[in-house]
There are 2 protein chains.
Amino acid sequence: MANQQPRLDQVFAALADPTRRAIVMRLCAGEASVGELAEPFDMALPSFMKHIHVLELSGLVQSEKSGRVRTCRLSPEALVGAEDWFQHQRAIWEARLDRFEAYVMKLKQEKAAAKRPAKTTEKTTNKPSKRKGT
Amino acid sequence: MANQQPRLDQVFAALADPTRRAIVMRLCAGEASVGELAEPFDMALPSFMKHIHVLELSGLVQSEKSGRVRTCRLSPEALVGAEDWFQHQRAIWEARLDRFEAYVMKLKQEKAAAKRPAKTTEKTTNKPSKRKGT
DNA sequence: TTGTTGGTTAGCCATGTAGCAAACTATAAC
DNA sequence: GTTATAGTTTGCTACATGGCTAACCAACAA
């Protein structure tokens with residue numbers, strides 16, 4: 001569990017490059033050899049291999065050599081790990097938004113209560129608070 | 001719509017650094033001044049400011065100077081954009097897995113049908129196909 | 001066995017990134 | 001007005017990254 005976090009550095013760094021993202025996208029559609037993967041890119045093979053290597057180090061891709069051809073496949077755990085990070089942040093962010101919304105609501109009610117001297121000054125900190133929608 | 005994609009480079013590059021991820025996480029909990037943000041890090045201010053700058057360029061963070069203090073806040077669009085990328089990839093990946101599963105199922109049934117000459121060789125490409133569950 | 005194919009290693013270069021210290025600017029605070 | 005505070009600008013290192021060529025190795029194919 002402690003080993004998962006350092007991988008995020010590598011995963012995000014790997015995905016920061018458009019070539020590597022394209023490789024990942026390609027591999028989502030199924031495994032492929034290095035040559036097949038490299039073909040769409042106007043790049044020398046050694047340069048391309050570096051990208052493959054970065055992807056392997058990040059854990060996003062696994063590869064295996066059989067004969068003289070190396071076959072690459074996606075290893076989704078790393079992808080999922082990164083996605084989890086986003087969801088976690090979003091959860092925190094949204095929780096805060098909800099709290100903020102509740103706070104604004106409370107301010108509004110207090111202000112309203114201050115204007116009109118007598119009314120329901122109770123039931124302030126109460127709000128369904130459902131963000132979502134996507 | 002075409003301008004969204006190049007931003008991914010910057011967003012992922014920004015998140016590849018643990019310091020910057022920590023800043024983002026901190027900002028999920030609410031806005032803060034540069035000084036407040038920098039305080040937990042054992043790092044000279046100019047170095048820290050570079051990280052802030054990278055985050056701003058990526059669109060993850062917005063900041064505004066009032067008086068002599070610069071206040072930073074998260075700008076969630078970029079975060080959501082990156083999250084969307086993952087979800088998109090995962091959708092493709094899972095669709096493929098489902099197809100693969102169906103394919104294996106079909107192979108199995110064909111094999112079974114070959115062994116036993118007479119049985120339901122129909123209804124092969126049919127499967128609820130719900131991956132999920134991690 | 002002699003090519004040819006598919007990948008790999010080694011070495012080089014340009015650029016980018018992460019860090020520093022030092023000096024500077026502009027706004028509070030006294 | 002002087003001083004402290006909060007950032008900012010300006011160099012400067014060191015190292016990582018992305019690209020190349022050239023040479024190399026290890027399977028097939030003829």
Side-chain angles (χ1 to χ4, degrees), chain A residues 5-27 30-74 78 82, chain B residues 5-27 30-74 78 82:
Chain A
Q5 196 149 12
R7 211 58 149 254
L8 274 184
D9 285 31
Q10 326 274 113
V11 169
F12 284 134
L15 294 177
D17 185 282
T19 300
R20 290 194 291 258
R21 276 203 308 281
I23 295 174
V24 167
M25 292 169 75
R26 165 64 225 272
L27 289 179
E31 60 182 40
S33 74
V34 169
E36 288 168 348
L37 287 174
E39 187 238 290
F41 299 97
D42 187 19
M43 187 184 294
L45 242 200
S47 313
F48 186 79
M49 284 295 296
K50 277 194 191 175
H51 288 297
I52 299 284
H53 198 196
V54 169
L55 286 169
E56 287 203 57
L57 285 182
S58 75
L60 282 165
V61 163
Q62 280 176 283
S63 74
E64 189 187 359
K65 195 162 182 177
S66 143
R68 62 182 166 175
V69 47
R70 174 173 298 278
T71 303
C72 303
R73 69 178 54 74
L74 206 66
Chain B
Q5 196 148 13
R7 211 51 151 257
L8 274 182
D9 286 30
Q10 325 275 115
V11 169
F12 284 135
L15 294 176
D17 184 284
T19 300
R20 288 192 292 257
R21 276 204 307 282
I23 295 173
V24 168
M25 293 169 73
R26 168 59 226 274
L27 288 181
E31 61 182 39
S33 73
V34 169
E36 287 168 351
L37 287 173
E39 186 238 291
F41 299 97
D42 189 17
M43 186 184 296
L45 243 201
S47 315
F48 186 80
M49 284 295 296
K50 276 196 192 173
H51 288 298
I52 298 284
H53 199 197
V54 170
L55 286 169
E56 287 201 58
L57 285 182
S58 75
L60 282 165
V61 164
Q62 280 176 282
S63 75
E64 190 189 355
K65 194 162 181 178
S66 143
R68 61 184 167 176
V69 46
R70 175 173 296 278
T71 303
C72 304
R73 69 178 55 74
L74 206 65

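Quick note on labels: first sequence line is chain A, next is B, and so on, each numbered from 1.
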* Asked: For the pair made of CD1 in B:Ile52 and P in D:dA6, what is the distance, rounded to whole Å?
  -> 15 Å
* Asked: Roughly how many Å is it from CE in A:Met49 to P in D:dT21, rounded to a whole number?
  -> 17 Å
* Find the distance A:Glu36:CD to C:dG6:P and express it as a whole number of Å. => 10 Å
* Asked: Is there a donor on the side chain of A:Arg68 or the base of D:dA27 sitting less than 3.5 Å from an acceptor on the other?
  -> yes
* side-chain N/O B:His51 vs C:dG19 OP1/OP2, d < 4.0 Å -> yes
* Asked: Could you give the CD-to-C1' distance, from A:Glu56 to C:dT8, as a whole number of Å?
  -> 13 Å
* hbond_proxy B:Lys50 side chain to C:dG19 base (donor-acceptor, 3.5 Å cutoff) -> yes
* Asked: Nearest 0.5 Å, what's the CG-CG distance between A:Leu55 and A:Asp17?
  -> 8.5 Å
* Would you classify B:Ser33 as touching base, sugar-phosphate or nothing, given that sugar-phosphate means primed atoms plus P, OP1 and OP2, and contacts are heavy atoms under 4.0 Å? => sugar-phosphate
* Nucleotide D:dG7, atom C1' - distance to CD of B:Glu64 in whole Å -> 16 Å
* Asked: Could you state the interatomic distance from SG (B:Cys72) to CZ (B:Arg26), rounded to the nearest 0.5 Å?
  -> 10.0 Å
* Is A:Ala44 touching bases, backbone alone, or none of the nucleic acid, heavy atoms closer than 4.0 Å? -> base
* Asked: B:His51 and side-chain contact (heavy atoms from CB on, under 4.5 Å): which partner among B:Val61, B:Leu37, B:Thr19?
  -> B:Thr19
* Separation of atom NE2 in A:His53 from atom P in D:dG19, rounded to whole Å -> 16 Å
* Structure fact -> In whole angstroms, the gap separating P of D:dT17 from CG of B:Asp17 amounts to 12 Å
* Could you tell me the separation between the CZ atom of B:Arg70 and the CD atom of B:Glu56, rounded to the nearest 0.5 Å? => 6.0 Å
* **Given DNA chain D, 5'-ward residue of the pair A:Ala13 and B:Val69, judged by closest heavy atom** => B:Val69
* **Nucleotide nearest A:Pro46 when distance is taken to its side chain, options D:dG7, D:dT9, D:dT21** => D:dT21
* When you match A:Val54 and A:Gly67 each to their closest nucleotide on DNA chain D, which lands nearer the 5' end? -> A:Val54
* **D:dG18 phosphate, OP1 or OP2, under 4.0 Å from A:Ser47 side-chain N/O** => no
* Kindly compute the distance separating CD1 (B:Ile23) from CZ (B:Phe41), expressed to the nearest 0.5 Å. => 5.5 Å
* Starting at CG of A:Leu45 and ending at C1' of D:dG18, how long is that distance when rounded to a whole Å? -> 15 Å
